[in-house]
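Written out below as structure tokens is the structure these notes cover.
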Number of protein chains: 2
Amino acid sequence: MNDGVASHIRALFERHGLRCTRQRQVLYEALAATKLHPTADELFQMVKSRDEGLSLATVYNTLEAFSEVGLVRRLACAKGTGPCRFDADTSDHVHLSMPDGQIRDVPEDLSQKLLEAIPPSAVEDLERRMGVRVGGLTVQVVAAPEAKVER
Amino acid sequence: MNDGVASHIRALFERHGLRCTRQRQVLYEALAATKLHPTADELFQMVKSRDEGLSLATVYNTLEAFSEVGLVRRLACAKGTGPCRFDADTSDHVHLSMPDGQIRDVPEDLSQKLLEAIPPSAVEDLERRMGVRVGGLTVQVVAAPEAKVER
DNA sequence: TTTCCTGCAAAAGCTTTGCAAGTAC
DNA sequence: GTACTTGCAAAGCTTTTGCAGGAAA
């Protein structure tokens, strides 16, 4: 029983070597549909009305499985402490971290402007000199905690 | 009793409105002396031989106090989960996150090359359009988890 | 002397894990 | 049928907190 399903999700999972379970579908759909970069628990709250009996542990396990195959991205919150957040948009884009721990997407054009500015030569230098392969580059803008009055 | 102390630390604390206690001195010195970006617990292990009776809770409280006044920086590890790390170097510089959770500094010249590439106009745009004041911009390079063989 | 800091222990918050039952393939 | 997933509960790890005693200013 798993047939009335948006078949692109099934295909997506298959392509990543993931079995297609009801819980995974619901969770992936919910995560892909929101721009809120929810925490595991927030996502759990969002879907538990739609899937009685779903367990928070499954949410964690599922998000871990998704992250492992690159289907979603784990976002560290800038504060360093607190729960981590998840994003089904795995394309390169810049995040804005709010003082309260929320994360927002920076608009596409600005995001691109920031990412394109990174000189590839510097990244190559870095790989050579530090003896690593660069898997990704994260640019995170941190909003100032002060009230947003003009100073 | 707090007089045989490197007076620059005392002055540093005073300038930031922090009382100068033995524990804070020891912790700040240890953090400033290492390039390892330790977690709270690692720092605790590093100093507890030098300060019997020091409590891990105090390490946390102290690092929190330091962070609040900008004396140290909290680093989120790129994995999203796991303990956070601390850095007494608050100047703008780029970090390299290793797959095992460690964090290394990117050499000064490369770091600068990356940071200088960020167009200030994009940041200003972002402030205007998202209605926030940008408190900081974090560039984090994530090393690929694969073995560092040449491909 | 007033206020803040420390240590301890306990609690809280986030995430992972063991296991038996269930499901996908 | 086999291997993987789920739900539950329990454990694990990281961080915070309450409080009484102690130290800094």
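Lettering of chains follows the sequences in order, A, B, ..., and the numbering in each one begins at 1.
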Fill in: Nearest-angstrom distance from the residue atom CD of A:E68 to C1' of C:dT16
13 Å
Worksheet entry | A:R85 side-chain N/O to A:L75 backbone N/O, donor-acceptor pair under 3.5 Å | no
Item to complete: For the pair B:Q140 (side chain) and B:H95 (backbone), establish whether a donor and an acceptor sit closer than 3.5 Å, ignoring hydrogens and angles.
Response: no
Discussion item. Before you tell me yes or no, could you show the steps for A:D87 and A:K35 under salt bridge (Lys or Arg N to Asp or Glu O under 4.0 Å), namely the whole-Å CA-CA distance, both residues' side-chain angles and the distance that decides it to 0.1 Å?
Written reply: CA-CA 8 Å; A:D87 191 350; A:K35 295 182 142 250; over 6 Å; no
Worksheet item: Would you call A:D41-A:K48 a salt bridge at under 4.0 Å N-O?
Response: no
Worksheet item: Judged by atom type as modelled, is there a donor-acceptor pair below 3.5 Å linking the side chain of A:T39 to the main-chain atoms of A:E42?
Response: yes
Worksheet item: Taking CD from B:E14 and P from C:dC5, how many angstroms apart are they, rounded to a whole number?
Response: 14 Å
Response to the item:
Nucleotide by nucleotide, nucleotides 5-14 of chain D touches protein heavy atoms under 4.0 Å in the pattern (B base, S sugar-phosphate only, - none) SSBBB----S
Discussion item. Does either side chain, that of B:S91 or that of B:D89, offer a donor lying less than 3.5 Å from an acceptor on the other one?
Written reply: yes
Discussion item. How many whole angstroms separate atom NZ of B:K79 from atom P of C:dT15?
Written reply: 12 Å
Fill in: Sidechain N-carboxylate O distance under 4.0 Å for B:E14, B:R19
no
Fill in: Between D:dA24 (P) and B:R10 (CZ): distance, integer Å
9 Å
Fill in: B:S7 side chain to B:R10 backbone, donor-acceptor under 3.5 Å
no
Worksheet item: How many Å lie between CZ on B:F44 and C1' on C:dT6, as a whole number?
Response: 13 Å
Worksheet item: Whole Å only: how far is the CZ atom of B:F66 from the P atom of C:dC5?
Response: 11 Å
Discussion item. Just the rounded figure in Å: distance from P of D:dT15 to CD of B:E42.
Written reply: 11 Å
Per-pair distances, 0.1 Å, donor-acceptor, side chain in residues 55-67 of chain A, under 3.5 Å, sequence neighbours excluded:
from: A:S55; atom 1: OG; to: A:A57; atom 2: N; distance (Å): 3.0
from: A:N61; atom 1: ND2; to: A:A57; atom 2: O; distance (Å): 3.3
from: A:T62; atom 1: OG1; to: A:T58; atom 2: O; distance (Å): 2.6
from: A:E64; atom 1: OE1; to: A:R74; atom 2: NH2; distance (Å): 2.6
from: A:S67; atom 1: OG; to: A:L63; atom 2: O; distance (Å): 2.8

Worksheet item: Rounded to the Å, how far apart are B:E64 CD and D:dT15 P?
Response: 11 Å
Worksheet item: So how far off straight is the helix from C:dT1-D:dA25 to C:dC25-D:dG1, going by the axes through five pairs at either end, to 10°?
Response: 50°
